[in-house]
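These notes are about the structure you will find just below.
In this text, all values refer to a predicted model and were calculated from it rather than measured experimentally. Along the sequence shown, residues carry numbers from 1.
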Amino acid sequence: MVAATAATQFLPFLDPAEESALLAAAPVRSFARDQLVFDQNVSLRAIFLIDAGSVRIEREDRGAMVPIAVLGVGEFFGEMSFVDGTPTSARVIADESTRLRVIDTATVDTLTAADPGFAGRLYRSIAAILAERLRLTSVRAYGDTSWG
């Protein structure tokens with residue numbers, strides 16, 4: 001997982017000032033331990049950045065909940081549904097008292113209205129994140145083999 005910290009950005013093609021403006025404009029939501037952030041198979045277009053606490057990601061498979069990951073401060077989730085508009089592929093539950101920044105389409109639209117190039121840089125950043133996650137998944141699934 002890619003983590004955002006004070007020293008690193010989580011959206012690599014945005015200027016630091018743009019990323020700061022995006023995070024400042026993003027609404028903040030708080031969740032108690034074991035509270036559902038969102039369920040699997042719901043329509044939702046938002047990226048969630050963890051400001052405090054942690055979440056666990058689980059996916060229902062053949063009637064059983066399968067743990068996928070536990071994410072902490074500086075990590076984020078929801079980018080796949082944000083990009084393609086498909087329902088969420090897993091459910092997310094607060095693992096402890098958690099505070100999230102919610103980057104939704106309204107927030108992005110507001111910043112894009114002020115700078116039309118913002119959306120391109122944002123989506124390029126998201127594409128780079130998804131590509132890196134796919135590379136990591138491929139290495140885990142197939143080992144460190146050459147693709148030619």
Side-chain angles (χ1 to χ4, degrees), residues 1-115 118-142:
M1 293 288 158
V2 179
T5 66
T8 63
Q9 291 182 254
F10 85 102
L11 295 166
F13 292 100
L14 292 184
D15 295 333
E18 289 177 313
E19 185 173 293
S20 293
L22 176 63
L23 294 176
V28 176
R29 293 192 53 206
S30 295
F31 297 85
R33 180 186 175 110
D34 294 325
Q35 184 177 356
L36 183 69
V37 175
F38 60 76
D39 212 343
Q40 185 173 330
N41 295 320
V42 296
S43 293
L44 182 66
R45 300 224 26 215
I47 298 171
F48 298 80
L49 176 67
I50 303 169
D51 263 354
S54 62
V55 299
R56 62 184 184 271
I57 314 245
E58 304 172 336
R59 180 174 169 77
E60 184 178 351
D61 185 27
R62 292 170 264 187
M65 292 311 295
V66 178
I68 306 254
V70 174
L71 306 178
V73 173
E75 294 183 294
F76 55 93
F77 54 94
E79 70 284 349
M80 289 183 356
S81 292
F82 181 84
V83 169
D84 68 7
T86 59
T88 56
S89 60
R91 76 176 183 176
V92 179
I93 301 164
D95 211 31
E96 60 186 299
S97 180
T98 300
R99 188 177 62 244
L100 304 173
R101 292 205 179 263
V102 183
I103 301 168
D104 57 15
T105 55
T107 302
V108 171
D109 290 347
T110 298
L111 292 169
T112 300
D115 175 6
F118 173 80
R121 292 185 297 278
L122 173 67
Y123 282 98
R124 186 174 179 199
S125 294
I126 295 169
I129 291 162
L130 292 173
E132 178 63 18
R133 289 184 178 177
L134 179 58
R135 280 188 196 94
L136 290 172
T137 300
S138 295
V139 167
R140 286 185 196 123
Y142 301 107

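- Note: Phe48 and Phe77 have parallel aromatic rings, judged against thresholds of 30 and 60 degrees for the angle between ring planes.
- Contact detail for Asp39 and Thr88: the closest heavy-atom pair is O-OG1, 2.7 Å.
- For the atom pair Ile57 CD1 and Phe38 CZ, the distance stands at 6.5 Å (nearest 0.5 Å).
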Exercise. Apply side-chain contact (heavy atoms from CB on, under 4.5 Å) to Leu23 and Ile103, showing your working.
Key: CA-CA 7 Å; Leu23 294 176; Ile103 301 168; 4.0 Å; yes
Practice problem: Quick one: do Leu130 and Met80 satisfy side-chain contact (heavy atoms from CB on, under 4.5 Å)? Show the steps, please. | Solution: CA-CA 8 Å; Leu130 292 173; Met80 289 183 356; 3.6 Å; yes
Practice problem: Dump the intermediate steps for salt bridge (charged side-chain N to carboxylate O under 4.0 Å, His left out) on Arg56 and Asp34, then the final yes or no. | Solution: CA-CA 9 Å; Arg56 62 184 184 271; Asp34 294 325; 3.2 Å; yes
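- Rounding to the nearest 0.5 angstrom, the gap separating the OG atom in Ser125 from the CG atom in Leu22 is 10.0 Å.
- Separating the CZ atom in Phe10 from the CG atom in Leu49 is a distance of 5.0 Å, to the nearest 0.5 Å.
- For Ala119, the side-chain contact (heavy atoms from CB on, under 4.5 Å) partners at least two apart in sequence or on another chain are Thr112, Tyr123.
- Rounding to the nearest 0.5 angstrom, the gap separating the CG atom in Asp15 from the CZ atom in Arg121 is 6.5 Å.
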Exercise. Applying side-chain contact (heavy atoms from CB on, under 4.5 Å), run through Ile93 and Phe31 and close with a yes or a no.
Key: CA-CA 9 Å; Ile93 301 164; Phe31 297 85; over 6 Å; no
Practice problem: Would you check, one step at a time, whether the test side-chain contact (heavy atoms from CB on, under 4.5 Å) holds for Ile129 with Phe76? | Solution: CA-CA 11 Å; Ile129 291 162; Phe76 55 93; 3.6 Å; yes
